[in-house]
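Quick note: numbers below take in every heavy atom, side chains included, and nothing from hydrogens, waters or symmetry partners. What you see is a predicted model, and the numbers here were worked out from it, not measured in a lab. Note on naming: letters A, B, ... go to the chains in the order of the sequence lines (proteins, then strands), and numbering restarts at 1 for each one.
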Amino acid sequence: AESLLRTGRSFGRSIHALCNVHAMVSNGIARKGEQSEEPEEAFTARERRENKMFAALLKSLLGLEARLMAGDSEDILLITTMLQKGSSSARSEDIKILKSIILDWLVVPGDTLFPPMSANVKADCGFRHDATGALLCPVGIDWNNLEQKIKSGELKVSGEQWPIMVYASYTYNEDAPWKGLLQSSILLKVFRQIFTSRNGPRNIGMHTSLTSVTPASIAYAAVQARFALLSSAVFSRSNTVTDSEIFYNCVIDRLEAPDNIREVDCLLAWWNRLIFPDHTPISRLISKNSVLAKIKAKRMAIKLAALGNPETLLHQLPDNES
DNA sequence: ATCGAGACCTATGAATATGG
DNA sequence: CCATATTCATAGGTCTCGAT
């Protein structure tokens with residue numbers, strides 16, 4: 001039971017944050033039964049993704065698969081309830097911590113916000129304040145020009161629009177939309193807070209199969225960062241004002257689209273180098289005995305060398321690791 | 001008087017937030 | 001991480017009003 005909670009926390013943070021665990025598990029079990037007959041192509045994209053999530057979940061806790069496959073519906077409900085609880089409580093605890101510190105990250109140490117904002121009054125944040133509004137402003141839109149329209153609600157910002165805060169140096173290049181994407185300093189700080197601080201799962205990977213940054217974990221950090229800057233007080237999956245779920249899925253869609261594999265590999269390597277400095281990203285890419293993977297890794301090595309050092313802002317980061 | 005559509009209220013359980 | 005408080009969504013109830 002204890003381990004189910006922990007697994008749920010980790011599942012939410014790095015596999016999928018905003019799903020109905022019971023539905024996902026039920027579907028997973030059902031499909032596993034018919035897997036022998038149904039070819040992979042018979043599944044919709046959504047089902048395939050759900051299968052992946054389910055597989056990742058099974059791998060993350062020893063004995064879980066056997067227990068789920070035993071088919072005791074009461075036991076399954078108990079398990080999924082615990083997992084959901086772990087996932088939800090991790091989310092709200094992360095929200096709580098970020099709420100209290102994210103404003104500190106918006107200014108250089110020693111400086112103050114103008115007008116002043118208090119960490120526990122979210123109502124002042126979001127598009128109502130320059131400091132947060134400028135970061136939430138969708139890419140391609142100049143905050144200085146449209147500030148009034150966004151503030152007054154004349155212009156609605158949806159979850160499908162990428163806030164400039166996910167781009168490195170808060171700079172978006174229309175001709176190179178991958179440049180700096182999901183590599184901003186604020187996102188990195190949020191990720192570190194969630195995954196490597198004293199409160200977060202320092203031992204990321206210990207009770208999961210994860211030993212590296214996942215697309216979903218980046219999306220999770222992004223949705224947390226975005227919500228922390230917004231003025232809404234309550235995080236709600238279905239809330240159409242904050243659109244958190246839509247935004248989260250957008251990030252995941254982009255990171256899982258087959259067309260983007262090369263860019264995403266590069267991005268993940270960047271993250272892994274920062275979050276798991278002890279592991280070399282090159283060796284990580286060589287999976288098993290695949291020749292293709294080795295060629296890929298070699299290309300990656302060249303690419304990485306060309307990429308140079310991670311964002312220059314990096315050295316300003318407070319070092320909150322042990 | 002009867003009916004149904006809609007506005008408004010209320011109780012309840014589920015989802016979130018928060019203090020310790 | 002847990003226990004408690006707060007907030008939200010929903011179902012069901014009551015009331016009003018216009019049409020028949």
Side-chain angles (χ1 to χ4, degrees), chain A residues 1-27 53 57 60-61 64 73-105 117-126 128-129 132 136 153 156 158-159 190-208 210 216-217 219-249 251 320-322:
Chain A
E2 175 81 359
S3 58
L4 282 173
L5 275 177
R6 263 185 302 140
T7 305
R9 301 174 83 79
S10 155
F11 174 82
R13 282 172 169 144
S14 50
I15 300 176
H16 198 99
L18 306 169
C19 75
N20 182 325
V21 177
H22 188 254
M24 189 270 296
V25 166
S26 304
N27 292 340
M53 284 160 47
L57 173 64
S60 66
L61 184 62
L64 180 61
S73 65
E74 212 169 281
D75 193 35
I76 291 176
L77 185 60
L78 181 83
I79 291 171
T80 55
T81 304
M82 298 299 276
L83 292 173
Q84 184 85 64
K85 206 172 156 193
S87 169
S88 302
S89 60
R91 170 157 47 85
S92 73
E93 281 158 26
D94 290 336
I95 286 172
K96 178 170 65 167
I97 301 287
L98 286 173
K99 174 181 172 182
S100 68
I101 52 179
I102 199 157
L103 293 184
D104 298 339
W105 295 341
M117 260 196 295
S118 161
N120 47 24
V121 187
K122 278 204 83 182
D124 295 340
C125 299
R128 296 177 193 152
H129 195 288
T132 47
L136 289 164
K156 181 178 183 313
S158 86
V190 168
F191 190 99
R192 287 209 152 116
Q193 173 59 45
I194 293 170
F195 289 98
T196 65
S197 74
R198 188 150 7 99
N199 301 306
R202 294 171 84 61
N203 43 3
I204 180 176
M206 254 191 90
H207 32 263
T208 77
L210 291 170
S217 63
Y220 182 72
V223 81
Q224 283 278 353
R226 182 174 174 276
F227 178 75
L229 296 175
L230 282 169
S231 56
S232 309
V234 185
F235 182 100
S236 164
R237 259 180 75 184
S238 51
N239 188 325
T240 53
V241 177
T242 54
D243 258 4
S244 287
E245 183 169 26
I246 290 179
F247 176 66
Y248 180 74
N249 287 329
V251 177
N320 46 9
E321 275 146 304
S322 85

Rounded interatomic separation in angstrom, taking [atom1] from [X] and [atom2] from [N]:
| X | N | atom1 | atom2 | answer |
| --- | --- | --- | --- | --- |
| A:Ile97 | B:dT18 | CD1 | C1' | 11 Å |
| A:His22 | B:dA14 | NE2 | P | 14 Å |
| A:Arg9 | C:dC1 | CZ | C1' | 7 Å |
| A:Gln224 | B:dT16 | CD | P | 12 Å |
| A:Glu93 | B:dT16 | CD | P | 14 Å |
| A:Ile95 | B:dT16 | CD1 | P | 9 Å |
| A:Lys96 | B:dA17 | NZ | P | 11 Å |
| A:Gln84 | B:dA15 | CD | P | 7 Å |

Using the side-chain heavy atoms of A:Ser92, tell me which of these nucleotides is nearest: C:dT7, C:dC1, B:dT18.
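In terms of side-chain proximity for A:Ser92, the closest of C:dT7, C:dC1, B:dT18 is B:dT18.
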Is it the case that the side chain of [X] and the backbone of [Y] share a donor-acceptor pair, with hydrogens and angles ignored and the cut-off at 3.5 Å?
| X | Y | result |
| --- | --- | --- |
| A:Lys122 | A:Leu230 | yes |
| A:Arg91 | A:Tyr220 | no |
| A:Tyr248 | A:Leu18 | no |
| A:Ser197 | A:Ile194 | no |

Just to confirm, is there a sub-4.0 Å distance from OP1 or OP2 of [N] to any side-chain nitrogen or oxygen of [X]?
| X | N | value |
| --- | --- | --- |
| A:Lys85 | B:dA15 | no |
| A:Arg91 | B:dT16 | yes |
| A:Arg237 | C:dC8 | no |

